[in-house]
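Everything quoted here is computed from the prediction, not taken from an experiment. All chains are named by letter (A, B, ...) in the order of the sequence lines, taking the proteins before the strands, and each is independently numbered beginning at 1.
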Protein chains: 2
Amino acid sequence: MDQPSPKLDSRPLYAQVRELLLARIQMGDWGPGAALPNEFDLAREMGVSQGTVRKALDGLTQDHILVRRQGRGTFVVEQTPANELFRFFNLYDNKSGAQILPDSRDARVTSGKARALEFARLQLEKGAQVVRIERLRTHDGLPFIAETIVLPDLLFPGLAAMKYVPNTLYDLFQKSYGVMVARTDERLEAVGATKRDANALNIAEGAPLLRVDRVTYSIDGRPVEWRLSLCHLDGAHYRAPPG
Amino acid sequence: MDQPSPKLDSRPLYAQVRELLLARIQMGDWGPGAALPNEFDLAREMGVSQGTVRKALDGLTQDHILVRRQGRGTFVVEQTPANELFRFFNLYDNKSGAQILPDSRDARVTSGKARALEFARLQLEKGAQVVRIERLRTHDGLPFIAETIVLPDLLFPGLAAMKYVPNTLYDLFQKSYGVMVARTDERLEAVGATKRDANALNIAEGAPLLRVDRVTYSIDGRPVEWRLSLCHLDGAHYRAPPG
DNA sequence: CAGTGGTCTAGACCACGTG
DNA sequence: ACGTGGTCTAGACCACTGC
């Protein structure tokens, strides 16, 4: 009679609280930038102590899902171009050390059935529909990155018909599609420019390029984007985030 | 009369406890792998509550300075080739996804006055003495990385005279020199192989290489190593740690 | 079994931001 | 002045480890 749930959940209470909160965020109970109830109200509502709620909130904060501000409250992280740059863009100027945010130019949006590498990276059914964005990114007016972005059509309906692609995408994902980005998995290699790359970036064929192969995952763990960037790092470098 | 210290420290108690513990670790009170006293003893000894000690210990655990094992105790992290690989070696096989630990071959150890880039990276006085290690690293018997390591002579006396350089260095730093590695700062670029690189790695001149420029810092924040790796990633990739 | 870290609670007080 | 998160305490009980 005392068992609150048919399935005995042996995980720590704070982990269960965390999951409950995460589910409510995904369901849109609290939108981007919204304030959550304070710790005591959440604790009372869930029948646990305030310290347990705090531990759950701290965990979600560490995973960049919430932000806490002393004296103000706890808020759902709002994706903006600024913090998107800060978290997901690891290119820096060699001299100044400043982070680089390239411009976007000549974006081409197409769609079609997922090819082998695409459905592997995005964990899709074979032949699922995807949207592809190809664009050139510039820095100080010079060609900098040739970028290909692949998205599952199911998650982003109507995106294929967009006329203009914004420079930063994750704020669009969150606000227009309710997809909240949590983490990325980046794999780097050095490659020589193919004839096609050389043309796009206005460099010599065979010139060394940094190839960044990135899969982005949402807070529920599903892959939501595959991005291939060929970077002509002239006076810039990629800085690995601290482990 | 009630003020325990002449200088009023306004930081949180747990931060002060953390600093005290860190100082004792650096002084060698507890060596690599040694167990700390339990939480209650530490709390009594420092005149704070057990929860406060716990918060300090948790912080040091997150920074990989301590490890906690339920039922056993809290221990100073012991650097071993295995966990050194796990934390600081970000090269993976494309097919298997397994982490790669290359061999070390033909190490040449020299010493001399620090050059411009060296004392900049290691924050040394102009003209300070450094030890340089140059070696070729192989994977599956094939040339893989041409590596140059530069160390401040002051921190590692006698290292310049070593006949054999072990494959992994950080365990040596900790056990023989009391230098505990805390974090790295890695900058990546794609470059074309120079004639010299091509020779060392047995590849064509101009072939694309991943250049990893890494500075390693000890737990007291001082730079202790500068490492330049030119990687011929044949069927492998660099995987960025999660931000 | 004894000893350790891990979880959970309840309550007090502090520091910060806003009105 | 008020409400928020941040710190700190004291104590109970659980889960794991090793003897």
> S49(B) side chain: which of dT9(C), dG5(C), dC8(D) is closest?
dC8(D)
> Would you mind telling me which residue lines up with the more 5' stretch of DNA chain C, A15(A) or Q70(A), judged by nearest nucleotide?
A15(A)
> Counting only side-chain nitrogens and oxygens, does K55(A) get under 4.0 Å of the OP1 or OP2 atom of dC8(C)?
no
> Checking contacts here: which listed nucleotide (dT4(D), dG6(C), dT7(C)) is nearest the side-chain heavy atoms of R68(B)?
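Selected nucleotide (nearest to the side chain): dG6(C).
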> Do the side chain of R18(B) and the main chain of K55(B) share a donor and acceptor less than 3.5 angstrom apart?
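A pair under 3.5 Å: no.
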> For the side chain of E39(B), starting at C-beta, report the closest nucleotide among dG5(C), dG5(D), dT7(C).
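Nearest nucleotide to the side chain: dG5(C).
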> If you check the T52(B) side chain, which of dG6(C), dC8(D), dT7(C) turns out closest?
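Selected nucleotide: dC8(D).
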> Measure the distance from CZ on F75(B) to P on dT4(C) and round it to the nearest whole Å.
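The distance from CZ of F75(B) to P of dT4(C) comes to 11 Å, rounded to the nearest Å.
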> So R54(B), base contact, sugar-phosphate only, or nothing? Heavy-atom distance under 4.0 Å.
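Answer is base: heavy atoms of R54(B) come under 4.0 Å of a base.
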> Drop me the distance from E78(A)'s CD to Q174(A)'s CD, to the nearest 0.5 angstrom.
6.5 Å
> Report the distance from atom CG of L36(B) to atom P of dG5(C), rounded to the nearest whole Å.
9 Å
> How many whole angstroms separate atom CZ of R11(A) from atom P of dG6(C)?
19 Å
> N38(A) has a side chain; which of dG18(D), dG5(D), dT7(D) sits nearest to it?
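So the nucleotide nearest the side chain must be dG5(D).
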> Using atom CZ of R69(A) as one end and atom C1' of dA15(C) as the other, report the distance to the nearest whole Å.
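In whole Å, dA15(C) C1' lies 17 Å from R69(A) CZ.
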> For dT7(D), does either OP1 or OP2 sit under 4.0 Å from a side-chain N or O belonging to Y14(B)?
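True: Y14(B) side-chain N/O within range (under 4.0 Å) of dT7(D) OP1/OP2.
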> So which nucleotide from dT9(C), dT17(D), dC8(D) ends up closest to the side chain of L13(A)?
dT9(C)
> Which class fits the ring pair Y92(A) and H237(A): parallel under 30°, tilted 30 to 60°, perpendicular over 60°?
parallel
> Compare side-chain N and O positions of T74(A) against OP1 and OP2 of dG5(D) and report whether any pair is under 4.0 Å apart.
yes
> Do E39(A) and R68(A) have side-chain heavy atoms sitting under 4.5 Å apart?
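The answer is yes, as the side chains (C-beta and beyond) meet within the 4.5 Å cut-off.
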> Let me know, please, whether G51(B) or F40(B) comes out on the 5' side of the other along DNA chain D by nearest nucleotide.
G51(B)
> Determine the interplanar angle of the F156(B) and Y177(B) rings, folded into 0 to 90°, and report it as parallel if under 30°, tilted if 30 to 60°, perpendicular if over 60°.
perpendicular
> Looking only at side-chain N and O atoms, does R72(B) come under 4.0 Å of OP1 or OP2 in dC16(D)?
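For R72(B), the contact criterion (side-chain N or O under 4.0 Å from OP1 or OP2 of dC16(D)) is not met.
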> Atom CD of Q16(B) and atom P of dT7(D): how far apart are they, to the nearest Å?
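My rounded result for the distance is 12 Å.
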> Q50(A) has an atom CD; how far is it from atom P of dT7(D), in whole Å?
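Interatomic distance, CD of Q50(A) to P of dT7(D): 12 Å.
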